[in-house]
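Every chain is numbered from 1, with letters handed out A, B, ... down the list of sequences.
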Amino acid sequence: MARIIEKRHLTPVTKLFVVEAPLVARNAAPGQFVIVRVSESGERVPISITDFSRQAGTITIVVQVVGKTSGMICAMEEGDEILDFAGPLGRPAPLPEKGHVVLVGGGFGAGAIYPLARELQQRGVRVSAIVGARNKELLILRELLESASDDYHICTDDGSIGHKGFVTERLQDLLSANAGFTHCFAIGPMPMMRALAEATKPSGLTTFVSLDPIMVDGTGMCGSCRVTVDGELKFACVDGPFFDAHKVNFDEAVVRSKMYVDEERLASELATAAR
Amino acid sequence: MPIVYTKKTEMPCGDPAVRRTNWDEVALGYSEERAIAEARRCIQCQEPLCEQGCPVNIPIRDFIRRVAQSDFEGAARIIRSKNILPAICGRVCPVEDQCEELCVVLGKQEPVAIGRLERFVADWERRAGAHEAAKPPKRGAKKVAVIGSGPAGLTVASDLAQLGYSVTIFEALHAIGGVLRYGIPEFRLPKAIVDEDMERLKGRGVEFQANVVVGKTITIDQLMDEMGYEAVFVGTGAGSPKFMGVPGENHKGIYSANEFLTRVNLMRANAFPDYDTPVRRPKRAVIIGAGDTAMDAVRTAIRLGADEAHIVYRRSEQQMTARAEDYSRAKEEGAIFDWLTLPTRFTGDDQGWVTTMECLRMELGEPDDSGRRRPVPISGSEFTMDIDLAVIALGTNPNPLIPQTTRGLEINDHGCVVADSETGRTSREGVFAGGDIVTGAATVILAMGAGRVAATAIHEYLERKAADRKRTPSGDKRRRHRKTAG
Ligand SMILES: Cc1cc2nc3c(=O)[nH]c(=O)nc-3n(C[C@H](O)[C@H](O)[C@H](O)COP(=O)(O)OP(=O)(O)OC[C@H]3O[C@@H](n4cnc5c(N)ncnc54)[C@H](O)[C@@H]3O)c2cc1C
Ligand SMILES: Cc1cc2nc3c(=O)[nH]c(=O)nc-3n(C[C@H](O)[C@H](O)[C@H](O)COP(=O)(O)OP(=O)(O)OC[C@H]3O[C@@H](n4cnc5c(N)ncnc54)[C@H](O)[C@@H]3O)c2cc1C
Ligand code: SF4
Ligand code: SF4
Ligand code: FES
């Protein structure tokens, strides 16, 4: 069990939780995730670690409502106990020791790239951040990330704040302007990461994306999270979640992530009806 | 004189037509009368060979005598002295390769049904509520960490707790039991029985910490150097699934057996949407492989509503590794067996769902490394099967997390932790290992046997260490990283 000691409403559909989990915080590193289950009949879902403090023994997560389980998590309050909270899982992001890293985050990823930024900054690596949201209201954790990066770019679909357009367009602009990036790391929805992989491919910019396939155990036991990278079978929960974006078979990853759309719709409808 | 029958006393089973529609336990167990009748088939050998076939050395002859005398409580006490999980072993032990294989009446007649009798006694004890009230031993000052809550880890933990150690089991998943929990299905091993046994272990003073993935949440080095655990037992199993590597294997609707069974057993996907985890409900399922796991998967697919469920195996019926009993139960429930068939490719529809499996027919050639005749493809024998679910049940590899994250732990070519079979000692001082992580996929009772051996060795090791420390006060530090021969 892990107690929620702070909850923040970032947007109507995105909540931040600071969770007391000293054992998870102890070895946590940027880019890792936890597996969360919130009820006895519940699913195990992976959630990125958006911040961690070894001293305080806390893990911060940001959850965006997309279906039943994320909805249940977001409905929890300060003082509530999360039934199961396992981690840190996956390998830390393979961050460089020097250079100029561009971090790209969309959706919950706009928060989840924060620990990468913080670590890079500590290493003395220059950090540019590009975050995307549909509109101003849905942009999250601006101050946090802005403080941990040298440049900070916002993109919104409607232009209500920052640049109007996708994060990939902004990245293209910066690449064309010879921003001098040596690496790119991205966390966000699959279509964004796929577009990003295409955007950085021509220039050969080393690009890592955090894949989010459907997981069950998160310990390498089931193969639900398998993805094909450079023609090889990988388990995202133990070999990833970060992979070389230019080698990921996105077609397959996108198809597989839609395996249970019918069941997910049913679960959501039943959950809404019950409320 | 005992009455001599030629066959085992039959154990009643659910009607195949009914049981394929529900998840109830299939084998219903002996009544008292049947148990007594079966116990009387045992000729009470002077030297009971059967006992040599049991990895935890249950005094089989003596417990069977008590059953024959209707002293079920006495029988239970005898079994419990050696086996902490008799209701489980009595159900899942491959007895034909273990105790019953050595039963002397074998050859003249069927062996005594030792497994069924053990199950009977354990079930009787549960029903009668006759367990001795658990009196947890005092948790001593010395801490031992057990990694993994499968049968190996449970046995080590229970034995060491009885000896007065403070034992903590660290388990990666949210539930305790290893394969007993996530692999073996309800209709063969009801989870209520697993639950009860786990509760009893808590009563014996074993502490459980779920959701701790050793190697990630905490490393073995940290357990020993920072958290004060004086010995560690690694019982993390062989849980990493193998795939075939054929084209199209990642279509939607294709599972590893571990995933398929875990969704249903651990996550209860059969009860979706009451439970949140989904699983595909098949019409035409194929299970690739013919071991225990494949039988469990095919019977699970049938219960999920498959109109047709096939076992597809590249070798022949004689060469399959599944237990005869599970094979015949699967057949009764309507599983179809396609022997000498090799899947070569999967194709799917525009949504990415698997729709077709391409196969080759095989014939048997010369014997291979395993001594079994090697299946070779018959040219021009290509054919296709229409399917909507495939389960790959071709076995598992050792879980690599601990090997990857532990200094100085010797691993063999198969990825198994190298441990001495007499003691469970590994190349790292204070670290012991046993069960599937050492042997590769094996059996519940072998894992328990390995746990027992390791518990004794850990006790000896800690006693010796304490004695050494008394002699040379600073000896402990100097020796910490020395490798133990063995
Ligand atoms: C490594 C990783 C890190 C993630 N980090 C975050 C995060 O920081 N914040 C956040 O809000 N979300 C994160 N996700 C996604 C999150 O796990 C899913 O949104 C969540 O599982 C959806 O569950 P649901 O019941 O609410 O929705 P559902 O209606 O069940 O599903 C909606 C979609 O979520 C995906 N999904 C469903 N079940 C799973 C599952 N068991 N595992 C993975 N994906 C699933 C599917 O693509 C599905 O189409 C992460 C996923 C991964 C793999
Ligand atoms: C479907 C199926 C059916 C079977 N049927 C039978 C049968 O009928 N009879 C029989 O005798 N045998 C059967 N077996 C084999 C038997 O279950 C195994 O041999 C036995 O469970 C091995 O025990 P173990 O303790 O070594 O490991 P496991 O039972 O595999 O348990 C290992 C545990 O360690 C945990 N773990 C792994 N890594 C970590 C980590 N890093 N940190 C913390 N915890 C970790 C796992 O989550 C798991 O709970 C079957 C196996 C399967 C898969
Ligand atoms: S534990 Fe297994 S091997 Fe031992 S006597 Fe019982 S059934 Fe036989
Ligand atoms: S070998 Fe067979 S007959 Fe002899 S004691 Fe054992 S079970 Fe009884
Ligand atoms: S989630 Fe099961 S292997 Fe990765």
Best-contacting candidate, B:R268, B:R263, B:H251, against chain A by heavy atom pairs under 4.5 angstrom: B:R263
Proximal component of A:L270, with respect to chain B [non-hydrogen, under 4.5 Å]: side chain
Part of B:R280 lying under 4.5 Å from any heavy atom of chain A: backbone
Heavy-atom pair count under 4.5 Å with chain A, highest-scoring of B:E259, B:Q222, B:E249: B:E259
Pairwise side-chain contact, A:M215 with A:L89, heavy-atom cut-off 4.5 Å (strictly under): no
Residues B:K202, B:E199; criterion salt bridge (Lys or Arg N to Asp or Glu O under 4.0 Å); working and verdict: CA-CA 5 Å; B:K202 283 182 200 158; B:E199 279 309 310; 3.2 Å; yes
Gap between atom OG1 of B:T236 and atom CD of B:E171 - 0.5 Å precision: 10.0 Å
Option in B:T217, B:L173, B:N399 with maximal non-hydrogen atom pairs under 4.5 Å from chain A: B:T217
B:D274, part contacting chain A, at a heavy-atom distance under 4.5 Å: backbone
Proximal component of A:F235, with respect to chain B [non-hydrogen, under 4.5 Å]: side chain
Any side-chain donor near an acceptor of the partner, B:N250 and A:T228, under 3.5 Å: yes
Heavy-atom proximity to chain B below 4.5 Å, by part of A:M1: neither
A:T219 and A:D217 side chains, donor-acceptor separation under 3.5 Å: yes
